[in-house]
Q: 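Pasting a structure here, questions to come.
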Amino acid sequence: MSLLFFEHILVVLGVLAVAASVVLALHRSRSPQSSAAWILFIILVPYLAVPLFIALGFRKERRRLPLPRGSVATGPGPGPVFTALGCPDPARGNRIAFHDTPEAAPQALWQVLDSAEERVDVLLYVLHRDASGREFVRRLTALARRGVAVRVMLDWLGSLGRPRAELAELAAAGGQVHIFSPFPAVFSGGRLNLRNHRKLVMADGRLAWAGGRNVGDEYLASAPGAWRDLSFTLEGPVLAECVALFRSDWAVTGHDPGAFPAQTGAAGEALLQLIPAGPDDPEDRLHNGLVAAIHRADRRVWIATPYYVPSEPLSAALCTAARRGVDVRIALPAKSNQWTADLARGAYLREAAAAGCRILRQRTGMLHAKAALIDDLGLTGSANFDLRSMLLNFEMMVACHDAATVAALEARFLALAQDCDEGLAPTGSLRRLAEGVVRLGAPIL
C-alpha cells in the first residue's frame with residue numbers, strides 16, 4: 001500500500017509539474033513562437049522537457065542596479081526609435097575607431113590596457129586558453145602588480161575553456177575575477193540559459209574596446225582560419241553609459257561595484273548611443289527597436305550577422321520592408337561554426353529571399369561581425385540577429401547617428417559584400433525537412 005501511495009504522489013507531482021511548466025510557458029514576456037515550442041516539447045516528452053524548462057525556460061530576471069535609461073523622444077525615421085523606447089540618449093563628442101582585421105584588433109586592445117593608470121574593467125563572453133587569451137591575462141596581471149585595479153567578469157559557459165592558471169596568477173596579484181552565472185546556476189541566483197554575451201574592456205572609464213570580438217586566437221590572431229569580425233575603440237561621453245552598464249553587471253556577482261567616475265570629455269565628433277539589452281530589460285528595447293526601425297525604413301536595411309534565426313516579428317519586418325521596395329541585404333557566413341544555427345536559418349532565409357531580400361554568403365571562413373545599417377542609422381556591437389541575442393543574452397550595441405560613422409560602417413559592409421556569393425545554395429528535400437523541424441525548436445535552442 002505504501003508503494004502504491006508513493007507512486008500516486010509521484011504521478012500527482014509530475015502532473016502538477018507539467019501543468020505549472022505549461023502555465024509558465026504562456027507567460028506574457030515570452031513570444032508566441034517560444035511558448036508554442038515549449039508547450040509542444042512539454043506535452044510530447046514531459047520527463048525530459050520539464051527539467052530542461054526549469055533550467056532553460058526562464059528569460060527574465062531582475063537587476064541589482066538599474067540599467068542606463070534616457071528620456072522619451074519621438075520623430076520620423078528609424079533614428080529616434082531607441083530613444084523613444086527608453087535607451088540612453090545619444091551623446092555628441094565621441095570618437096569611435098573600427099578595427100576589422102585580426103591585426104588591428106589586438107593592437108587596439110593592447111593600447112587600451114597600456115593606457116590604464118587607475119583601473120581596468122573587463123567583461124567577456126569568451127576568454128580562450130590559447131596564446132591570445134594567455135597574453136591578455138598576463139598583461140592584466142602586470143597591471144595589477146603595478147597597482148592598477150583590475151576587475152574581470154567572464155561568462156561561465158562561454159569561458160569554460162579559460163586560462164585558469166593565468167587567471168589564478170591574476171587573482172594572486174590582486175585582480176578580481178568573477179564568473180557570471182556559474183553552474184549550478186540555480187544555487188547562485190542565475191539561469192543557465194541567460195548568458196552574458198557582452199564584450200567590453202575599459203581603462204579608467206575613459207577608453208573602451210568593445211564590439212563583436214571575444215579574446216582568443218580566432219578573433220585576434222592573424223593566422224589562417226582567423227574569423228572576420230568587427231570591434232571598435234570608444235572615447236567620449238558614451239563611456240558614462242558603458243561604466244554604468246559594467247557596474248550593473250558587476251553587481252550581479254554579489255560584489256559591490258563601487259562608485260567611480262567616467263572620464264567623458266569630448267573626444268571627437270561622433271553621435272553615439274548605447275543600447276543595452278538583456279533579460280533584465282522588461283521592454284526588450286533592442287529587439288523592439290529593431291522591429292520599429294525596420295518598419296520605418298524607406299531606403300535600406302543591411303544586416304551582417306554570423307547567425308540568422310530571427311523572431312517572427314523581426315522576420316516579418318524584414319520581409320515586409322523588402323516587399324515595400326526597401327533594399328534589404330543579409331550578409332552571413334556560407335557555413336558558420338554552429339551547425340544547429342545553420343539548420344535553423346534555412347527556412348528563414350528562404351522566406352526572406354522569396355520576399356525580395358538579397359542573401360550574401362561569405363565564400364570562405366567564419367563571419368562573426370555584427371552590424372546593421374537602417375537608412376541613416378548604424379548599429380554594431382555584440383548582438384547576433386537571432387532569438388538568443390535578442391531575447392535571452394545580455395548584449396551591448398552602439399547606435400551610430402552621425403554621417404561620418406555611418407559611412408565608415410557602410411564601407412565595411414560593402415567590402416564584406418565583395419567576398420560574398422549572392423543567393424541561396426541549393427538544398428534537397430531532406431535538408432528542407434530538417435530545417436523545418438529545427439525551426440520549430442529554434443526558440444529553445
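Reckoned from all heavy atoms, side chains included, excluding hydrogens, waters and symmetry mates.
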Q: Can you measure from OG1 (Thr364) to CG (Asp421) and round to the nearest 0.5 angstrom?
A: 9.5 Å
Q: If the plane angle is over 60° it's perpendicular, under 30° parallel, otherwise tilted; pick one for Tyr348 and Tyr308.
A: perpendicular
Q: Just checking, is any N or O donor in the side chain of Arg95 or Thr233 under 3.5 Å from an acceptor N or O on the other one?
A: no
Q: Compare all side-chain heavy atoms of Phe232 with those of Val398 and state whether any distance is below 4.5 angstrom.
A: yes
Q: With ring centroids as reference points, do Phe394 and Phe180 lie under 6.0 angstrom apart?
A: yes
Q: If you count heavy atoms of other groups shown closer than 6.0 angstrom to CD of Glu103, is the number above 12?
A: yes
Q: Does the side chain of Trp209 reach to within under 4.5 Å of the side chain of Leu200, using non-hydrogen atoms?
A: no
Q: Would you please test Asn384 and Thr305 for side-chain hydrogen bond (donor to acceptor under 3.5 Å, both in side chains) and show each step?
A: CA-CA 6 Å; Asn384 304 311; Thr305 179; 4.5 Å; no
Q: For the residue pair Trp302 / Asp327, report whether a side-chain donor-acceptor contact shorter than 3.5 Å exists.
A: yes
Q: Ion pair present between Asp419 and Arg228, side-chain N to carboxylate O less than 4.0 angstrom?
A: yes
Q: Could you tell me the separation between the CD atom of Glu269 and the CG atom of Asp402, rounded to the nearest 0.5 Å?
A: 8.5 Å
Q: Between Arg129 and Arg162 (side chain of the first, backbone of the second, donor and acceptor by atom type, cut-off under 3.5 Å), is there such a pair?
A: yes
Q: Where the side chain of Arg134 meets the backbone of Ala131, is there a donor-acceptor pair that is under 3.5 Å apart?
A: no
Q: Determine whether a donor-acceptor pair (N or O, by modelled atom type, separation under 3.5 Å) exists between the side chain of Lys335 and the backbone of Pro333.
A: no
Q: Quick one: pull up CE in Met397 and CZ in Arg198 and give me the separation to the nearest 0.5 Å.
A: 12.0 Å
Q: Looking only at side-chain N and O atoms, does His287 offer a donor or acceptor that is under 3.5 Å from a partner on Ser311?
A: yes
Q: Show the nearest heavy-atom pair for residues Ala383 and Leu286, with the distance to one decimal.
A: CB-CD2, 3.8 Å
Q: Output all residues satisfying side chain to side chain contact (heavy atoms under 4.5 Å, CB included) with Ala226, sequence neighbours left out; order by chain, then residue number.
A: Pro102
Q: Once rounded to the nearest 0.5 Å, what's the spacing between atom CZ of Arg138 and atom CG of Leu143?
A: 14.5 Å
Q: Does Arg195 form a side chain to side chain contact (heavy atoms under 4.5 Å, CB included) with Arg388? I'd like the steps, not just the answer.
A: CA-CA 9 Å; Arg195 310 315 315 175; Arg388 172 155 289 281; 4.2 Å; yes
Q: Which heavy atom in Ala355 sits nearest to a heavy atom in Ala322, and how many Å separate them?
A: O-CB, 3.4 Å
Q: Please examine the side chains of Leu160 and Leu157, heavy atoms only from C-beta on, and report whether any two atoms are closer than 4.5 Å.
A: yes
Q: Report the distance from atom SG of Cys242 to atom CZ of Arg247, rounding to the nearest 0.5 Å.
A: 14.0 Å
Q: Does the Thr320 side chain pair with the main chain of Ala316, one donor and one acceptor, at a distance under 3.5 Å?
A: yes
Q: May I ask you to check whether over 12 heavy atoms, not counting those of Glu422, lie within 6.0 Å of atom CD?
A: yes
Q: Do Glu218 and His368 meet the criterion of a side-chain donor-acceptor pair at a distance under 3.5 Å?
A: no
Q: Does the side chain of His401 reach to within under 4.5 Å of the side chain of Asp376, using non-hydrogen atoms?
A: no
Q: Donor-acceptor check, side chain of Arg151 to backbone of Leu123, threshold 3.5 angstrom: yes or no?
A: no
Q: Restricting to non-hydrogen atoms, name the atom on Lys199 and the atom on Gly211 that form the minimum distance, rounded to 0.1 Å.
A: CD-O, 3.5 Å
Q: To the nearest 0.5 Å, how far apart are NE2 in His197 and CG in Asp155?
A: 9.0 Å
Q: Please examine the side chains of Leu274 and Met396, heavy atoms only from C-beta on, and report whether any two atoms are closer than 4.5 Å.
A: yes
Q: Which heavy-atom pair separates Glu235 from Ala267 by the least distance, and what is that distance?
A: CB-CB, 3.7 Å
Q: Between Thr405 and Gly378 (side chain of the first, backbone of the second, donor and acceptor by atom type, cut-off under 3.5 Å), is there such a pair?
A: no
Q: Give a yes-or-no answer on whether the side chains of Tyr219 and Asn214 include a donor-acceptor pair shorter than 3.5 Å.
A: yes
Q: Any donor and acceptor pair, going by atom type alone, linking the side chain of Asp130 with main-chain N or O of Ser132 inside 3.5 Å?
A: yes
Q: Quick one: are Gln362 and Leu416 in side-chain contact, heavy atoms under 4.5 Å?
A: yes
Q: Could you walk me through whether Val301 and Ile303 pass side chain to side chain contact (heavy atoms under 4.5 Å, CB included), step by step?
A: CA-CA 7 Å; Val301 179; Ile303 294 166; 4.1 Å; yes
Q: Assess whether side-chain hydrogen bond (donor to acceptor under 3.5 Å, both in side chains) is satisfied between Asn393 and Asn196, documenting all intermediate values.
A: CA-CA 6 Å; Asn393 287 344; Asn196 198 318; over 6 Å; no
Q: Would you please test Arg206 and Ser115 for side-chain hydrogen bond (donor to acceptor under 3.5 Å, both in side chains) and show each step?
A: CA-CA 9 Å; Arg206 171 187 51 79; Ser115 72; 3.1 Å; yes
Q: Would you find a donor on one side and an acceptor on the other, under 3.5 Å apart, between the side chain of Ser248 and the backbone of Ala244?
A: no
Q: What are the two closest non-hydrogen atoms of Ala341 and Tyr307, and how far apart are they?
A: CB-CD2, 3.9 Å
Q: After noting the C-alpha distance and the side-chain angles of His99 and Ser231, does the key distance pass the side-chain hydrogen bond (donor to acceptor under 3.5 Å, both in side chains) rule?
A: CA-CA 5 Å; His99 4 100; Ser231 52; 2.7 Å; yes
Q: Apply side chain to side chain contact (heavy atoms under 4.5 Å, CB included) to residues Val120 and Leu140 and explain how you reach the verdict.
A: CA-CA 8 Å; Val120 170; Leu140 292 177; 3.9 Å; yes
Q: What heavy-atom pair brings Gly158 and Val126 nearest, and what distance separates the two atoms?
A: O-CG2, 3.5 Å
Q: Between Arg363 and Cys420, does a side chain to side chain contact (heavy atoms under 4.5 Å, CB included) hold up when you go through it step by step?
A: CA-CA 5 Å; Arg363 296 185 189 94; Cys420 293; 5.8 Å; no
Q: If only side-chain N and O atoms count, and only distance matters, is there a donor-acceptor pair under 3.5 Å linking Thr141 with Glu169?
A: no
Q: Determine which pairs satisfy side-chain hydrogen bond (donor to acceptor under 3.5 Å, both in side chains) with at least one residue from residues 407-418, sequence neighbours left out, and list them in order.
A: Asp100-Arg412, Arg300-Glu410
Q: Using only atom types and a distance under 3.5 Å, with no angle test, would you say the side chain of Asp281 pairs donor to acceptor with the backbone of Arg285?
A: yes
Q: Is a donor on one side and an acceptor on the other found under 3.5 Å between the side chain of Ser315 and the backbone of Pro310?
A: no
Q: Does a side-chain heavy-atom distance below 4.5 Å link Arg350 with Thr427?
A: yes
Q: Has Arg92 got more than 12 heavy atoms of other residues, nucleotides or ligands less than 6.0 Å from its CZ?
A: no
Q: Hey, are the side chains of Leu109 and Val215 touching, using non-hydrogen atoms and a 4.5 Å cut-off?
A: yes
